[in-house]
Amino acid sequence: MASEMLTKYKEITLLYDIVEKISSCLDTKEVARLVIEEARRVIKLSSVSVLLLNKETETLELIGEFGHDQEQPTVSWGVGIAGSVLSSGRAEIVNDVHSDPRFVEGVVTICSLMCAPLKAKDTVVGVIKLGSDQPVTYTAEDLKLFTTLASLAAVAIENAGLYEQLKEAFYTTVYTLAETIEKRDPYTGNHTKRVMEYSLAIGKNLGLSEQDMARLQLGAVLHDIGKIGVRDSVLLKESSLNDEEFEQIKKHAVYGEEIISRIASLQSAIPGVKHHHEKFNGRGYPDGLKGEEIDITARIIAVADSFDAMTTNRPYRQGLSLDEAFEELRKYSGSQFDPEIVDAFFAADVMEAFFAANSRQKIIL
Ligand SMILES: [Fe+2]
């Protein structure tokens, strides 16, 4: 009776802890890590693996593990005990693995194991397997606890997967929107992508937080979205602009802000969009902000955008060589550009970003 009570208590505290920890977790690997941590706390084991099914290759891919020094081989559908649990969808205890004909010797010593399916809405999306390097007798209670843990993990992993899909759909929509605008001016081809790659390389070098990196990415993709409000005769003009036309072009920064401020999920990109033409010395537009009054994302996009504009060919002028563009950035560091951002530009792997963004098109070096 006392041991039954203890098991129940363990089960309840496990449920409480795990639900609290993983329900807000939106990253599959982090879910796997938390589940492994909980399993280690309540079940006797020396190794655990969390494996997710790759539907295309029909193999199980490792997303988290404990107790394995070497890489584990991939598991195919129906092969081994994990593969068998994946096909049957039923959790199993195998207290003496060597007497089980399905057992495939792995990279760690295992005498006893438990394996449970990760089931989300009746679909098996993977398995979680734990083992002991000493012979132990796993009980039905152990299996129940383990299965409960696997069910919670499956729901959290599915949620994290859905969140990833949603995020991807969101970014795809934003890119498509930006590309649609870019298509109006065919000579800018891939400008958005390059500005994004340069900006992210600079942001990474500056050690920006994940949150700042996300708004930097959005701001870089959408920086010129306001050009949709500028007349073709001005936007596409091949000769130099008169004062009135230049005033028209300048409005794209505020138009951009107006467009994205109506979309809740794009709010964080506003500073980058509105202020990417501000200058460090306060002589830019639209607000004449200076120094750190200009949001960090806007200061980064300003460098990335200018570098790309300088190195891109236009119908009426040849782009600068890389060395000439580098020279221009150095020359205007401290006046037009934030010197710290220019330093980060040179320290960052901008060349890698340059080749990544230009890999599908002809470039001038
Ligand atoms: Fe712009």
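Just so you know, these numbers come straight off a predicted model, no measurement behind them. Starting from 1, each residue takes its place in the sequence as its number. All ligand and atom numbering here is 1-based and tracks the order in the structure. Because only heavy atoms are used, hydrogens play no part in the values below, and waters and symmetry mates are left out as well, while side chains stay in.
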Which donor-acceptor pairs under 3.5 Å do the side chains of residues 329-336 make with protein atoms, sequence neighbours left out?
| unit_1 | atom_1 | unit_2 | atom_2 | d |
| --- | --- | --- | --- | --- |
| S335 | OG | Y332 | O | 3.2 |

Identify, with sequence neighbours excluded, every residue that meets salt bridge (charged side-chain N to carboxylate O under 4.0 Å, His left out) alongside R40.
none
Distance filter under 2.8 Å, centred on the Fe ion (ligand 1) - protein N, O or S atoms that pass it
D224 OD1, H252 NE2, H276 NE2, H277 NE2
Work out which heavy atom in Y175 is nearest to a heavy atom in V221; give both atom names and the distance.
CE2-CG2, 3.3 Å
May I have the list of side-chain donor-acceptor pairs in residues 262-270 shorter than 3.5 Å, sequence neighbours left out?
| unit_1 | atom_1 | unit_2 | atom_2 | d |
| --- | --- | --- | --- | --- |
| Q267 | NE2 | S261 | O | 2.7 |
| Q267 | NE2 | I263 | O | 3.3 |

Looking at H277 versus H223, is the centre-to-centre ring distance below 6.0 Å?
no
State, with a plain yes or no, whether a side-chain heavy atom of Y138 is found less than 4.5 Å away from one of I43.
yes
